[in-house]
Amino acid sequence: MIRTCALRLGWLLSLVIMAACSRSTDQALSGPAANVTAERLVAADNEPAQWMSYGGTYSEQRFSKLEQINTGNVNTLGLQWYADYETNQDQHGSPLYIDGVIYVSTARNVVHAFDARTGKELWKYNPMIEGPRLRYNLGLVNRGIAAWEGKIYMGTLDARLVAIDAKTGAEVWSVDTVPASLDLGDMADKYSITMAPRVAKGKVFIGASGAEFGVRGWIAAFDAATGEEVWRFWTVPGDPAEGFENDAMEKAAATWSGEWWKLGGGGTVWDAAVYDPVTDLLYFGTGNATPWNARVRDEQLGDNLYTASIIAVRPDTGEYVWHYQQVPADAWDYDAVSPMMTADLVLDGEQRHVLLQPSKNGFFYVLDAATGKLLSAEPFTEVNWASGIDLETGRPIEVPGARYEREPWNLAPGVQGGHSWHPNAFNPELGLVYIPAWEAYFTMANPTPDSGTRAGASGGMFTLGISMGVRVDPDKLKPYARQGVSGRLKAWDPVARKVVWETEAFAHPRPTSGVLATAGNLVFMGNGGGQRLSAYHAATGEELWSFDTQTAVFAAPISYELDGVQYIAASVGGAAQGGYFAPTHARMLVFALGGKAVLPEPAPYTPPELNPPPSTAPAEVIARGGELYSQYCSVCHGANAVMARTSFPNLTVSPMLHAQSGFDAVVLQGARADRGMGSFAKELTPEDSAAVRAYLIARANEIKAAGPAGFGPGSAPPDRRRETGHE
Ligand code: CA
C-alpha cells in the first residue's frame with residue numbers, strides 16, 4: 001500500500017526507501033484502480049496521501065494534512081511534470097488522486113488518467129456530448145468527478161451521468177438524468193451538468209443546471225453499480241393539478257402564485273453538495289428561481305421555496321429533512337450553490353458541528369448541520385441589497401430600492417456573485433476559511449416596453465425577466481457607481497465572523513481560482529489576470545511563491561503524496577486573448593520541492609485573417625440565416641457573430657465559410673462532436689445551414705468593410721476573456 005510509504009515520512013528517509021515505495025506504486029498501477037470504498041472515504045482523514053473525492057474528504061474542507069511543502073521551503077517548489085490537454089476551453093475540473101493515478105475532467109467532459117509520478121497518460125475518455133442540450137449551457141466546463149469501487153463518475157453537458165472503468169477508461173454505463181419518462185417536454189433539452197457528482201453509500205448524487213433558461217430543479221441518486229435511478233428530489237413544486245410528489249412540495253407550493261411550473265420554477269442544484277457521515281445527511285444548495293425578476297415571476301412575491309436555499313435530505317431515500325432559505329423571493333440571481341463544507345467549531349463556548357457557506361449573495365452562513373438552524377450570517381464582501389440577516393427569522397433585512405422596484409439598482413454583489421463556484425478551503429488548525437471572494441457590481445432593472453425582458457446579447461435563449469445593459473445616470477447608481485468584478489483571497493474567521501487577512505484585489509474579469517489549504521501553513525490559489533498560481537502564508541496572507549502558468553487558473557489545486565514526495569497538482573487553462581484559435585496552454589501541472597521541469601515557451605501566435613468569400617446570397621436568405629443563427633448559434637458563438645466568448649470559435653474567420661460541404665459536415669454531420677460541437681441535424685435542414693452560412697459570410701464582409709470599428713463599440717476587439725460557466 002502506498003499509504004504505508006506516504007504517511008509522515010521525512011524527506012531523507014523517503015529517498016532511502018524510495019525503491020520500495022516505487023514497487024508499491026507499480027503494484028498500485030497494476031492492481032485495482034480507484035479502489036475507493038465506503039470505509040476509505042469515511043476515514044479519508046487517515047489517508048492524507050490521497051485525494052479521493054471532490055473536496056478532499058467528506059467534509060469538503062480541501063485541507064491537505066501533508067506538510068512536506070511548507071512556508072519554509074515553498075520557495076523551492078518547482079514543476080515536476082506537466083501533461084498537455086487538447087482543449088482550449090476553460091478548465092474548472094478539480095482532480096482526484098487515488099493510489100498512484102491522477103484523474104481529471106477537462107472541458108467538454110474529456111477525462112484523463114495520468115500516472116501521478118511521471119504524467120504518462122494511462123487512458124482518455126470522451127463521452128462525445130451532443131444534441132440540443134449543448135445549446136443550453138453557460139460554458140463547456142466540468143467541475144469534477146467522483147470515484148467509487150473501481151469507477152469514475154461524471155455528469156455531462158448533455159445531462160448524462162456516466163460511469164467509467166477506472167482501469168481502462170472504458171464506459172461502463174451512461175444514463176440520461178432527465179429521461180423521456182419524466183415527461184418534461186422541451187424543458188428536458190434545457191438541462192446540462194457541470195457539477196462534480198458526490199458518492200456515498202453506493203449511490204451517486206448529481207443535479208443539473210438550467211434555471212437561467214427555465215427548468216425545474218432536482219437532485220437525484222443513482223445506483224453506483226448499475227446507473228439505475230434510486231430517488232429524485234425536486235427542489236420546487238410542479239403543477240399542483242398533477243399532485244405533489246411529497247409533503248415538502250405541497251408546503252413549497254403555498255409559497256408560489258401564478259403558473260410557475262410552466263417555466264419550471266428553477267432552483268437548480270448546479271454545484272455544491274456535501275454528504276456528511278456525522279449526521280448521515282446529504283446537503284445541497286439550490287439556485288435562482290425562474291425568471292430572475294421576482295415580480296415578473298410571482299406577482300404576490302411569495303418566498304418561492306425551495307429556491308436560493310440549502311436543503312438536507314436523507315441520502316438513502318431523498319426524504320426531506322430541513323431547509324434554510326437564504327433569499328426569499330430572490331430577485332438577484334442569488335444562487336445558494338457556492339461550495340459548502342462541514343466543520344466542528346466552538347461557538348459561544350459550545351462545540352458545534354456546522355455547515356459553512358460563503359454565498360453568492362455576499363453573506364457567510366453558519367448553520368447547525370443536524371437541524372439547519374442559522375447560527376450566524378455576516379457579509380464577507382461588499383453587500384448593498386440587505387443590511388443584515390435577522391437571526392430569529394433567518395430572513396434578510398432588505399435595503400429599500402434594492403429590488404429595483406422604482407429604478408435601476410447597481411447591485412452588490414452583482415449576479416457574478418460575492419463568491420461563485422470556486423471551491424473554498426479550511427485550515428482547522430488556524431480556524432480560517434479561505435474564500436476566493438469577489439467584489440461584483442451589476443445593474444438590475446425592470447423591463448421597459450422597448451427593452452425586452454431577455455439577455456439581449458445572448459440570443460434570446462434566457463428567461464430572466466429583467467432589462468440587461470441598461471444605461472443609467474451614474475448618480476442613480478449609488479451607492480456603487482462601479483461595474484464589473486474584481487476579486488481577492490480572503491481568510492475568514494467563522495467564529496469571530498470577520499476577515500483576518502486578504503490579498504490585494506485582482507482587477508480582472510477572472511480574478512480567482514479555487515483554493516487548496518495545507519498543513520504546511522500554505523494556501524494555493526490562481527490569481528490576477530489568470531496567469532499565475534500562487535502560494536500564500538495561511539496565517540498572514542503573504543505571497544511566498546508563484547508560478548507563471550501561461551494561462552488562466554480556475555480549478556482548485558489538490559495535494560497528494562507518492563513515493564514519500566508531496567505534490568501539488570493544478571489543472572489549468574482558460575481562453576486566451578486573441579480568440580478561440582489562440583493556443584491556451586491548458587494542462588495538468590504537477591509541482592514538487594526541487595522540481596526542474598520547464599514549460600515550453602509559448603509559440604508566437606498570429607490570429608486568423610478575416611477573409612470571407614464574397615456575400616452573394618439574397619437578402620431574405622441572409623435575414624433568415626440571421627434568425628436561425630440567433631436562435632441556435634449565438635449562445636456560444638455570440639450575438640451578431642461578433643461577441644463570441646473567447647473560448648468558442650469566432651465563426652466570421654472560420655475556413656468553413658468557404659465551402660458549404662465543410663460547413664454542413666460540422667453543423668449537420670457532427671464532424672466536430674469530439675470538440676463539443678454536436679450535430680444540429682435535428683434542428684436545421686440543409687437549406688437552413690446554407691442560410692446560416694450566408695448570414696455569417698454577410699456579417700464577415702460587413703465587419704471587414706467597417707475595419708476595427710466592426711467589432712462594435714470601441715475600436716478594437718474587446719477583451720472577452722471572462723470566465724465561462726457562471727450559472
Ligand atoms: Ca443562477
Side-chain angles (χ1 to χ4, degrees), residues 90 92 138-139 332-335 338-339 358-364 378-386 402 408-425 433-444 468-469 472 474 477-492 498-515 523-536 541-543 546 548-549 551-556 572 574-577 645-647 714 718-727:
D90 292 345
H92 285 192
L138 296 170
W332 308 279
D333 187 27
Y334 280 157
D335 309 289
S338 297
S359 192
K360 197 174 169 186
N361 68 28
F363 286 90
F364 189 102
E378 295 289 337
F380 61 89
T381 187
E382 295 193 61
V383 169
N384 78 344
W385 67 280
W409 183 263
N410 198 27
L411 181 67
V415 297
Q416 310 93 325
H419 169 249
S420 186
W421 68 270
H422 308 94
N424 320 289
V433 180
Y434 302 98
I435 311 168
W438 288 12
E439 286 113 44
Y441 310 93
F442 186 90
T443 303
M444 303 290 280
M468 303 284 278
V472 183
L477 290 178
K478 290 174 183 171
Y480 298 115
R482 283 164 278 174
Q483 292 284 307
V485 62
S486 62
R488 62 182 95 217
L489 177 59
K490 294 192 181 189
W492 175 266
K498 63 175 189 185
V499 173
V500 173
W501 58 256
E502 60 187 23
T503 65
E504 63 179 316
F506 305 116
H508 191 273
R510 44 188 190 176
T512 63
S513 76
V515 169
V523 184
F524 290 86
M525 188 183 89
N527 58 22
Q531 303 280 337
R532 267 161 73 208
L533 179 67
S534 297
Y536 300 90
E542 183 189 355
E543 187 178 6
S546 76
D548 176 3
T549 53
T551 188
V553 187
F554 298 128
V572 302
Q577 175 70 331
R645 299 177 196 166
T646 333
S647 54
D719 183 348
R720 302 296 298 169
R721 289 178 298 161
R722 293 179 197 285
E723 181 187 359
T724 58
H726 287 264
E727 298 162 25

* Asked: Do Val515 and Pro423 have side chains that get closer than 4.5 Å, going by heavy atoms?
  -> no

* Structure fact -> Scanning both residues in full, the closest heavy-atom pair of Tyr434 with Ala491 reads CE2-CB, 3.7 Å

* Asked: After noting the C-alpha distance and the side-chain angles of Met525 and Arg532, does the key distance pass the side chain to side chain contact (heavy atoms under 4.5 Å, CB included) rule?
  -> CA-CA 8 Å; Met525 188 183 89; Arg532 267 161 73 208; over 6 Å; no

* Asked: How far apart are the closest heavy atoms of Ser420 and Pro339, and which atoms are they?
  -> O-CD, 3.4 Å

* To do: Say whether, by atom type as modelled, one donor and one acceptor occur between the side chain of His419 and the main chain of Pro358 under 3.5 angstrom.
  => yes

* Under 3.5 Å, side chain of Gln416 to main-chain N/O of Tyr441, donor-acceptor pair present? -> yes

* **Test log, rule side chain to side chain donor-acceptor pair (under 3.5 Å), inputs Gln531 and Thr549** => CA-CA 5 Å; Gln531 303 280 337; Thr549 53; 5.1 Å; no

* **Smallest separation among heavy atoms of Thr551 and Gly574, with atom names** => OG1-N, 3.0 Å

* What's the shortest heavy-atom distance between Phe363 and Val383, and which atoms? -> CE1-CG1, 3.8 Å

* Asked: Does any N or O in the side chain of Trp385 come within less than 3.5 Å of the main-chain N or O of Gly414, such that one atom is a donor and the other an acceptor?
  -> no

* Asked: With no hydrogens and no angle check, do the side chains of Trp438 and Ser486 hold a donor and an acceptor under 3.5 Å apart?
  -> no

* Answer yes or no: is there a donor N or O on one side and an acceptor on the other, between the side chain of Thr381 and the main chain of Gly418, under 3.5 Å? => no

* Between Tyr334 (side chain) and Gly417 (backbone), is there a donor-acceptor pair under 3.5 Å? -> no

* Starting at CG of Leu533, measure out to CZ of Phe524 and round the result to the nearest 0.5 Å. => 7.0 Å

* If you round to the nearest 0.5 Å, how far is OG of Ser513 from NE2 of His92? -> 10.5 Å

* To do: Report the C-alpha distance between Val523 and Leu489 in whole Å, list the side-chain angles of each, state the deciding distance to 0.1 Å, and finish with yes or no for side chain to side chain contact (heavy atoms under 4.5 Å, CB included).
  => CA-CA 9 Å; Val523 184; Leu489 177 59; 3.9 Å; yes

* To do: Check for a donor-acceptor pair, side chain of Thr503 on one end and backbone N or O of Arg488 on the other, with a separation under 3.5 Å.
  => no

* Asked: Going from CE on Met444 to CH2 on Trp409, what distance comes out if it is rounded to the nearest 0.5 angstrom?
  -> 12.5 Å

* Start with the C-alpha distance between Asn361 and Trp332, add both sets of side-chain angles, then the distance that settles side chain to side chain contact (heavy atoms under 4.5 Å, CB included), and finish with yes or no. => CA-CA 8 Å; Asn361 68 28; Trp332 308 279; over 6 Å; no

* Under the salt bridge (charged side-chain N to carboxylate O under 4.0 Å, His left out) rule, what do Lys498 and Glu378 come out as? Steps first, then yes or no, please. => CA-CA 8 Å; Lys498 63 175 189 185; Glu378 295 289 337; over 6 Å; no

* Check the pair Ile435 / Phe364 against side chain to side chain contact (heavy atoms under 4.5 Å, CB included), numbers first and verdict last. => CA-CA 10 Å; Ile435 311 168; Phe364 189 102; 3.8 Å; yes

* Asked: Does Trp501 offer a backbone N or O that forms a donor-acceptor pair with the side chain of Lys490 under 3.5 Å?
  -> no

* Would you say Ser338's side chain and Ser359's backbone share a donor-acceptor pair under 3.5 angstrom? -> no

